[in-house]
Amino acid sequence: SQHRRDSVHFGQTELMPMPKATQSMQNLRLVQQSCRASLFAWFVSGLLCASFGGVAQAQPGGLGVHLQAEFSRPEVAALKGVVPTAPARLRVWGFEVYDARLWTPVGFRHGLALQFPFALELQYLRKLEGASIASRSIDEMRRLGSFSDAQAQSWLAAMRELFPNVGVGERITGVNLPGEGAEFWVNGQRVGVVRDPVFARFFFGIWLDERTSEPKLRAQLLQGLPP
């Protein structure tokens, strides 16, 4: 039977340095925009975007079967037509923690992000305890605005129940459900929903809000997406 749980996380952030704005990067942005407008977004982004030095929305290498497999993941396939941003890497005190990326639909505007169904994917690069992920999420959410102690306790309890301990290569993906809340997946398995749009606003704000503790990561995740 399916677990009825409620939430997920991620924490503060530090990313991989981006290359300077070269002609290749300018060409890449044009290709990315074209990919988003195309019915063949996954195919085009894989074959065209990858030709510009590995800084593409699709991960470099293994483009054919590997790319198709990524787009067929249930948490992504259910969103229909989304394409990934380039991954951004979190490092804490020199330790690599996870790679983050967004899966967004055509027409997505980051200034109105919560009005769109989108996914935030974290692929972990080291072992972490689920309880620590939940606690760090609450800490980061508090940076974005005020909410009651009752809300904090409810959200923390939900996340602690939901978040598993993770290892290298494992994924936690949060899916925004506009006007409803947030749905969470672990390694392609749906693990629960938090039916609270206020929670979703604070949770996804960890990465998308201008008040995030990691503005450089936010900038990298939103690069090429219209405001």
Side-chain angles (χ1 to χ4, degrees), residues 7-10 13 15-16 28-29 31-50 54-63 65-90 98-124 166 169-194 200-201 203-209 212 217-227:
S7 120
V8 165
H9 153 77
F10 326 62
T13 26
L15 36 149
M16 297 182 291
L28 169 61
R29 293 196 185 100
V31 173
Q32 289 174 325
Q33 292 172 4
S34 174
C35 292
R36 289 179 179 279
S38 173
L39 293 175
F40 306 103
W42 70 267
F43 181 77
V44 177
S45 64
L47 297 184
L48 297 185
C49 297
V55 187
Q57 287 190 321
Q59 292 184 355
L63 285 173
V65 175
H66 175 71
L67 184 62
Q68 189 170 3
E70 286 194 336
F71 278 82
S72 65
R73 292 173 181 169
E75 66 270 37
V76 170
L79 293 177
K80 299 186 184 303
V82 295
V83 292
T85 60
R89 180 159 296 180
L90 166 66
Y98 60 68
D99 287 331
R101 63 178 174 174
L102 294 170
W103 291 79
T104 61
V106 172
F108 179 85
R109 304 183 69 88
H110 64 76
L112 303 172
L114 293 178
Q115 297 182 19
F116 295 87
F118 68 87
L120 172 71
E121 174 190 298
L122 302 181
Q123 183 162 358
Y124 287 85
V166 295
E170 294 191 296
R171 304 187 315 277
I172 293 178
T173 303
V175 177
N176 182 55
L177 305 176
E180 296 182 39
E183 179 180 67
F184 294 100
W185 298 69
V186 176
N187 298 325
Q189 298 294 318
R190 183 181 180 276
V191 294
V193 178
V194 181
R201 175 165 59 87
F203 177 77
F204 291 114
I206 294 172
W207 299 270
L208 304 183
D209 195 284
T212 178
L217 177 63
R218 176 180 181 271
Q220 185 173 355
L221 286 173
L222 299 181
Q223 185 173 6
L225 298 174

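Quantities reported herein were computed from a predicted structural model and do not represent experimental measurements. Note that the numbering runs from 1 along the sequence shown for the chain.
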Please report the interatomic distance [atom1]([X]) to [atom2]([Y]), rounded to the nearest 0.5 Å.
X	Y	atom1	atom2	answer
L114	R201	CG	CZ	8.0 Å
F71	L79	CZ	CG	11.5 Å
L120	T104	CG	OG1	11.5 Å
W103	T85	CH2	OG1	9.0 Å
T173	R101	OG1	CZ	9.0 Å
H110	R218	NE2	CZ	6.0 Å

Step by step, work out the side chain to side chain contact (heavy atoms under 4.5 Å, CB included) result for R73 and E121. CA-CA 12 Å; R73 292 173 181 169; E121 174 190 298; 3.1 Å; yes

Go through the steps for V82 and L102 under the test side chain to side chain contact (heavy atoms under 4.5 Å, CB included), then give the verdict. CA-CA 9 Å; V82 295; L102 294 170; over 6 Å; no

Return the minimal non-hydrogen interatomic distance between [X] and [Y], and the atom names on each side.
X	Y	value
N176	A113	ND2-O, 3.9 Å
L221	A88	CD2-CB, 4.3 Å
A119	V175	CB-CG2, 4.1 Å
T212	I206	OG1-O, 2.7 Å
P105	P117	CD-O, 3.4 Å

Residues forming a ring-ring contact (aromatic ring centres under 6.0 Å, His included) with F118, sequence neighbours excluded: F108, F204

For P74, all residues meeting side chain to side chain contact (heavy atoms under 4.5 Å, CB included), sequence neighbours excluded: W185

Quick one: list whatever passes salt bridge (charged side-chain N to carboxylate O under 4.0 Å, His left out) with E75, sequence neighbours left out. R171

Any side-chain heavy atom of Q115 sitting closer than 4.5 Å to one from P178? no

Which one of I172, L90, V166 satisfies the side-chain contact (heavy atoms from CB on, under 4.5 Å) criterion with Y98? L90

For E170 and N187, what are the C-alpha separation, side-chain angles and deciding distance, and is it a side-chain hydrogen bond (donor to acceptor under 3.5 Å, both in side chains)? CA-CA 6 Å; E170 294 191 296; N187 298 325; 3.1 Å; yes

